[in-house]
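Just below is one structure, and these are the notes that go with it.
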Amino acid sequence: MRAWRLPSDVDTDQLAPGYAMKHGLDLIARHCLEGVRPEFAIQVQHGDVIVAGANFGIGSSREQAASVLVHLGVAAVIAPSYSGLYYRNAFNVGLLLLTCAGAHTIADDEAITFDARAATVRRANGDTLTCKPISTLLLDLVEAGGLLNQLKRRRAMSP
């Protein structure tokens with residue numbers, strides 16, 4: 001997994017710009033992070049990871065700011081802190097957020113792996129970073145692909 005380094009205070013308007021909100025995720029995705037990493041939307045690959053500074057996802061409550069990262073194939077965001085609204089929206093759409101105080105040690109373009117259930121990130125140099133544990137409820141949402149998918153599965157299994 002490739003790490004994309006971002007600064008602190010990345011807001012929802014940088015993830016899903018307001019001027020693109022009248023369009024679907026395909027168009028919003030083309031503009032994702034263009035003010036911070038103009039190459040991101042074109043070069044990000046399925047399974048890549050965003051590594052950011054503190055306060056990731058501050059700003060509005062727009063769900064598209066998390067949905068666009070899922071749409072682009074981002075496997076997880078690793079940061080020391082998140083906006084509370086963004087945190088909940090992310091898990092609701094199936095985006096994994098790892099809260100990790102040591103996120104700043106991960107370099108741009110570094111190859112990393114993570115174990116969400118163990119709440120760890122393994123760096124290319126072999127170091128392991130410990131993240132805050134994530135509840136089973138939230139991990140189940142990510143594994144289901146978000147809240148709507150989880151509810152559809154439950155409904156399909158009901159008699």
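One-based numbering along the sequence shown. A quick note: this is a predicted structure, and the numbers were derived from the prediction, not measured. Side-chain atoms are counted along with the backbone in the values below, which use heavy atoms only and exclude waters and symmetry mates.
- Pairing each heavy atom of Gly53 with each of Ala79, the nearest pair is O-CB, 3.6 Å.
- When side chains are defined from C-beta on, Tyr82 counts as touching Val77, because their heavy atoms get closer than 4.5 Å.
- Residues Met1 and Gln45 fail the side-chain proximity criterion, which asks for heavy atoms closer than 4.5 Å.
- In summary, the side chains of Arg122 and Thr113 do not present any donor paired with an acceptor at a separation below 3.5 Å, with no hydrogens or angles considered.
- Between the NE2 atom in His46 and the CZ atom in Arg2 there is a gap of 15.5 Å [rounded to 0.5 Å].
- Under the 4.5 Å side-chain criterion, counting only non-hydrogen atoms from C-beta, Asn55 is not in contact with Ser8.
- Within the 4.5 Å cutoff, no side-chain heavy atoms of Val142 are placed close to those of Leu95.
- Of all non-hydrogen atoms in Val93 and Ala66, the two that sit nearest each other are CG2-CB, 3.8 Å.
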Going through the distances and angles, do Arg88 and Leu138 end up as a side-chain contact (heavy atoms from CB on, under 4.5 Å)? CA-CA 9 Å; Arg88 190 59 202 192; Leu138 294 179; 3.4 Å; yes
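- In this structure, Trp4 and Phe40 have perpendicular ring planes: the angle between them is above 60°, well past the 30° mark.
- Between the CG atom of Leu147 and the CG atom of Asn92 there is a distance of 5.0 Å, given to the nearest 0.5 Å.
- Of the candidates Val10, Asp11, Asp13, Ile58 forms a side chain to side chain contact (heavy atoms under 4.5 Å, CB included) with just one, namely Asp11.
- Atoms CD1 and CG, on Ile50 and Leu6 in that order, are 5.5 Å from each other to the nearest 0.5 Å.
- The backbone N or O of Asp140 lies less than 3.5 Å from no partner atom in the side chain of Glu143, so there is not a single donor-acceptor pair.
- The two atoms that bring Gly57 and Ser83 nearest to each other are O-CB, 3.2 Å, heavy atoms only.
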Apply the test side-chain hydrogen bond (donor to acceptor under 3.5 Å, both in side chains) to residues Thr130 and Thr120: give CA-CA distance (whole Å), side-chain angles for both, the deciding distance (0.1 Å), then the verdict. CA-CA 5 Å; Thr130 302; Thr120 58; over 6 Å; no
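- In this structure, Thr136 and Arg117 have side chains that are in contact, with non-hydrogen atoms separated by less than 4.5 Å.
- For the pair Arg123 and Leu129, the minimum side-chain heavy-atom distance is below 4.5 Å.
- Between Val70 and Gly94 the shortest heavy-atom distance is CG2-C, 4.2 Å.
- Residues Lys132 and Leu98 form no side-chain contact, since every pair of their non-hydrogen atoms from C-beta on lies 4.5 Å or further apart.
- For the pair Asp108 (side chain) and Arg5 (backbone), a donor-acceptor distance under 3.5 Å is present.
- Closest approach of Val51 and Ala3 over heavy atoms only: CG2-CB, 3.9 Å.
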Can you list the steps and then say if Val68 with Leu25 is a side-chain contact (heavy atoms from CB on, under 4.5 Å)? CA-CA 6 Å; Val68 71; Leu25 280 179; 4.2 Å; yes
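- A donor-acceptor contact shorter than 3.5 Å is absent between the side chain of Tyr87 and the backbone of Ser81.
- Here the CZ-OH distance, from Arg62 to Tyr86, works out to 11.5 Å after rounding to the nearest 0.5 Å.
- Summarising the geometry, atom SG belonging to Cys32 is positioned 5.0 Å from atom CG belonging to Leu69; distances are rounded to the nearest 0.5 Å.
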Stepwise, does the side-chain contact (heavy atoms from CB on, under 4.5 Å) test hold for Asp115 with Val121? CA-CA 6 Å; Asp115 181 336; Val121 176; over 6 Å; no
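- When all heavy atoms of His71 and Asp26 are compared, the pair lying nearest together is NE2-OD1, 2.8 Å.
- For the pair Leu33 and Leu15, the minimum side-chain heavy-atom distance is below 4.5 Å.
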Ile78/Ile112 under side-chain contact (heavy atoms from CB on, under 4.5 Å): CA gap, chis, key distance, verdict: CA-CA 11 Å; Ile78 302 167; Ile112 61 170; 3.7 Å; yes
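- To the nearest 0.5 Å, atom CG of residue Leu85 and atom OG of residue Ser60 are 8.5 Å apart.
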